[in-house]
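Only heavy atoms go into these numbers, but all of them, side chains included; no hydrogens, no water, no symmetry mates.
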Amino acid sequence: DVQLVESGGGSVQAGGSLTLSCKASGYTLRTYCMGWYRRGPGKERPLVARISRDGETGYASSAEGRFTISKDFAKNTLDLEMNSLQVEDTSMYYCAASTAVTGVVCAGIEAWGQGTQVTVS
C-alpha cells in the first residue's frame, strides 16, 4: 500500500514563499515518479511539477523558474519549494506517486495524497 500525506500549506502574501512536503509510506520513494498537482475545474488536477525515478524534473510553464521539486530520500519525502508566489497560484495542492516506465518516463498514478491548501493574497 502506498500512502501520501501533504503538509506545509497556508496563507501568504503575493511575492512570498512556501515549501510543501509529502510524506510517503508503504514504499521506497526511489522506485517511483512523483509529482505535485493542483485542483482545477471539475475533477481535473493539472500537473505543477514532477520528478522522475532518476531525478529528472519538469514543470508547468507557470511554475518554471519559481518552483523547485525534490526528493528527500532520508525522510522519504517529496518537497515543493515555491517562491515568488502569485494570486494565481492559489489552489489545493496534491502530491501523487506514479509508476516508472524508465528512469525518466512516468506512467499511471498509483496514489494521491489528500491535499494541502495554498492561498496567496
Side-chain angles (χ1 to χ4, degrees):
D1 57 326
V2 180
Q3 298 181 52
L4 305 170
V5 180
E6 301 97 334
S7 63
S11 299
V12 298
Q13 296 285 290
S17 301
L18 281 175
T19 297
L20 308 182
S21 295
C22 175
K23 176 65 177 178
S25 60
Y27 70 102
T28 301
L29 191 62
R30 292 179 181 271
T31 306
Y32 289 85
C33 296
M34 300 294 296
W36 284 97
Y37 301 75
R38 67 185 181 188
R39 179 180 291 165
K43 295 185 65 177
E44 69 180 63
R45 295 178 178 179
L47 177 69
V48 177
R50 55 85 173 164
I51 184 166
S52 74
R53 188 185 68 196
D54 286 355
E56 187 169 283
T57 59
Y59 300 89
S61 59
S62 61
E64 186 80 44
R66 298 189 298 122
F67 294 4
T68 302
I69 187 171
S70 62
K71 295 177 179 178
D72 186 331
F73 295 119
K75 297 180 179 179
N76 212 40
T77 300
L78 176 74
D79 299 317
L80 182 68
E81 181 183 356
M82 304 187 293
N83 299 310
S84 300
L85 284 163
Q86 305 166 7
V87 173
E88 292 78 13
D89 295 317
T90 296
S91 187
M92 183 76 77
Y93 284 73
Y94 304 87
C95 69
S98 302
T99 55
V101 178
T102 68
V104 296
V105 178
C106 308
I109 293 174
E110 290 286 317
W112 290 96
Q114 294 301 303
T116 184
Q117 179 68 38
V118 173
T119 301
V120 186
S121 61

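Residue pairs meeting the ring pair (Phe, Tyr, Trp, His ring centres under 6.0 Å) criterion with at least one member in residues 7-27, sequence neighbours excluded, are Tyr27-Tyr32. The salt bridge (Lys or Arg N to Asp or Glu O under 4.0 Å) contacts involving residues 65-82 comprise Arg66-Asp89, where partners must be two or more places apart or lie in separate chains. The stretch residues 90-116 participates, sequence neighbours left out, in no salt bridge (Lys or Arg N to Asp or Glu O under 4.0 Å) pair at all. The ring pair (Phe, Tyr, Trp, His ring centres under 6.0 Å) analysis of residues 34-74, with sequence neighbours excluded, yields the pairs Tyr37-Trp112.
In this view, Thr119 and Ser11, Thr90, Gln117 satisfy the side-chain contact (heavy atoms from CB on, under 4.5 Å) rule, not counting sequence neighbours. Checked against side chain to side chain donor-acceptor pair (under 3.5 Å), Glu56 has no partners two or more places apart in sequence or in another chain. A search for side-chain contact (heavy atoms from CB on, under 4.5 Å) contacts involving Ala111 returns Val2, Leu4, not counting sequence neighbours. Scanning for salt bridge (Lys or Arg N to Asp or Glu O under 4.0 Å) contacts around Arg39 gives an empty result, with sequence neighbours left out. In this view, Ser70 satisfies the side chain to side chain donor-acceptor pair (under 3.5 Å) rule with no residue, not counting sequence neighbours. Thr28 is linked by a side-chain contact (heavy atoms from CB on, under 4.5 Å) to Arg30, Thr31, counting only residues two or more places apart in sequence or in another chain. Every residue was checked against the ring-ring contact (aromatic ring centres under 6.0 Å, His included) condition with Tyr93, not counting sequence neighbours, and none meets it.
Here the CD atom belonging to Gln86 is positioned 7.5 Å from the OG atom belonging to Ser84, to the nearest 0.5 angstrom. From Thr77, atom OG1 reaches atom CE of Met34 across 9.0 Å, with rounding to the nearest 0.5 Å. Atom CZ of residue Arg53 and atom OG1 of residue Thr99 lie 10.5 Å apart, to the nearest 0.5 angstrom. Note that OG of Ser62 is 9.5 Å distant from CD of Glu88, once rounded to the nearest 0.5 Å.
Scanning both residues, Cys95 and Leu78, for their nearest heavy atoms gives CB-CD2, 4.0 Å. Looking at every heavy atom in both residues, Ser52 comes nearest to Cys33 through CA-SG, 4.0 Å. Closest heavy-atom contact between Ser98 and Ile109: OG-CG1, 3.4 Å.
Judged by distance alone, the side chain of Gln114 and the main-chain N or O of Glu6 form no donor-acceptor pair under 3.5 Å.
Hydrophobic side-chain contacts under 4.5 Å tie Val101 into a cluster, directly or through other members, with Val104, Val105.
Paired with Val118 under the rule side-chain contact (heavy atoms from CB on, under 4.5 Å), one option of Met92, Met82, Arg38 passes, and it is Met82.
At a threshold of 4.5 Å between non-hydrogen side-chain atoms, the residues Thr116 and Ser7 do not count as touching.
No continuous path of ILVMFWY side-chain contacts below 4.5 Å connects Ile69 to Tyr94, so the two sit in separate hydrophobic clusters.
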